[in-house]
2 protein chains.
Amino acid sequence: MVDKSKKEQILDAAEKAFSERGPFGVSLRDIARDADVDVSLVTYHLGKREDVYDAVIMRRLETLNTERRKYLDEAIRHAAPESPSLEAIIDAFSHAMLNRVETGGEGWGRYMSLIAQMNNNPEWGGKMMNRYFDPLVKSFVEVFREILPHADDADLYACYHFFSGALTLTFANTGRIDQLSEGSLKSADFDAMHQRLVPFICAGFRALCEKKEK
Amino acid sequence: MVDKSKKEQILDAAEKAFSERGPFGVSLRDIARDADVDVSLVTYHLGKREDVYDAVIMRRLETLNTERRKYLDEAIRHAAPESPSLEAIIDAFSHAMLNRVETGGEGWGRYMSLIAQMNNNPEWGGKMMNRYFDPLVKSFVEVFREILPHADDADLYACYHFFSGALTLTFANTGRIDQLSEGSLKSADFDAMHQRLVPFICAGFRALCEKKEK
DNA sequence: GTCTATAGCTTGATAGAC
DNA sequence: GTCTATCAAGCTATAGAC
């Protein structure tokens, strides 16, 4: 295995720190110390703290969203000329996250925590999520509309929002459910959680979007 | 209206800052400046930063959880001797949050953002949520078990987890859904979101927990 | 690319006046 | 309870050696 470049070391350290303490709770020195480099090198490679945070997000974003889009296309192609099932689409959106945390190493796990916290931040989080994810989400919403033709937009977007909250928390790796459930569920068993998430969310979508004959 | 005590002013300012920048992203000086008092007064009343954060959480926690427990008891009493409906219980858990953000002023809105971010933090968030909310949650889970007698614990807790993620994001006030939906949904219209949340979540619970005849 | 050195600001903590 | 004053430590940013 080739040595990681210093830049990668810095990004790894920053990812860890940001996921634990948030974008404003981390000093460049914290990052440099953990990456075992000098502070000035952080600035040299990545700029100011804000830019470091952005670089951390961007590093894995393309991989994640490209894989999601691939799953979406496959689901559509596989079902054609019929419409794909709702299950297939919910799975397409969430399965890439499952793949990464299961096989991508610790870094990807921390990345999911980062996204979950961004998703829930009132000040800048919503705007950043819009910037990074809305183009992809809109592609998915188009397909939802096709599968659930009687749904109105407000219901559809509300469903997506609930899905988003459940999904990001599920992969946020908080360990909460382990203690609450006294061992009957392991939050680190992402596969088991994901298997339950898909039918749960599909049932929710259908309850709101399916029988709108008023 | 009586003037707020300085201590309350400090807690208000801290709540705002913590909700925007996280528990590690706020200096005592940030808080003092916004509360229009000297730094040393923050320490005098509330101690170190960690203690300030804890005090912010504790200030509204009792109110929230007491109201939830009241709703739970009412739902049970109202349905007796039958079991209450799943809808009634999901509503009991979430309606207190709706009440507070609708009538409690800005502070309560920020508080919900704070809880949402705590819920999604991997390092300390899960532990704090366990500490603050598990006793109440366990009371609710007991009732879920009664209503859904064929569910096994793992499914039940997974459902609660998904509920928790959707619920906290819904009240986190991120504004995300406004832009994504191009105006067809206002995330500040909590009542409209809550009306959709309840049937969505109930359908999810039923999909996983109802027909376990294998 | 990587580090050392340094300048100037911000921070948490505390001692003491009123 | 509230404020002023102060200090050592930690912070960002940058200039410059290798």
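A note on names: the letters A, B, ... follow the listed sequences, proteins ahead of strands, and every chain is numbered from 1.
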Please tabulate, one pair per line, each protein N/O and nucleotide N/O from nucleotides 5-11 of chain D that are separated by under 3.5 Å, including the distance.
| unit_1 | atom_1 | unit_2 | atom_2 | d |
| --- | --- | --- | --- | --- |
| D:dC11 | OP1 | A:S27 | OG | 3.2 |

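The residues A:E106 and A:K16 are annotated as not salt-bridged, no charged nitrogen and carboxylate oxygen being separated by less than 4.0 angstrom. Residues B:R59 and B:E8 are paired through a salt bridge, judged by an N-O separation under 4.0 Å between the basic side chain and the carboxylate. Between B:R110 and B:D12, none of the side-chain N atoms (NZ, or NE/NH1/NH2) sits under 4.0 Å from a carboxylate O, so this pair counts as no salt bridge.
Taking each heavy atom of A:L136 and A:R68 in turn, the nearest pair found is CD2-CD, 3.5 Å. The heavy-atom pair separating B:Y157 from A:I177 by the smallest distance is O-CD1, 3.4 Å.
The 5' end of DNA chain D is approached more closely, in terms of each residue's nearest nucleotide, by B:K7 than by the other of B:K7 and A:V39.
In the 5' to 3' direction, nucleotides of DNA chain C lying under 4.0 Å from heavy atoms of chain A begin and end at C:dG1 to C:dT4.
With sequence neighbours excluded, the residues forming a ring-ring contact (aromatic ring centres under 6.0 Å, His included) with A:F144 are A:F205, listed by chain and number. With sequence neighbours excluded, the residues satisfying side chain to side chain donor-acceptor pair (under 3.5 Å) with B:E182 are A:K138.
In this structure, B:V37 reaches the sugar-phosphate backbone alone: every heavy-atom distance under 4.0 Å involves primed, P, OP1 or OP2 atoms, never a base.
Heavy atoms from other residues, nucleotides or ligands lying under 6.0 Å from CD of B:E50 number 12 at most.
The ring of B:F93 has its center closer than 6.0 angstrom to the ring center of B:F163.
Relative to the axis of its first five pairs, the axis of the last five pairs of the helix from C:dG1-D:dC18 to C:dC18-D:dG1 sits at 10°, rounded to 10 degrees.
Listed by first and then second residue, the salt bridge (Lys or Arg N to Asp or Glu O under 4.0 Å) pairs involving residues 166-179 of chain A are A:R176-B:D134 (not counting sequence neighbours).
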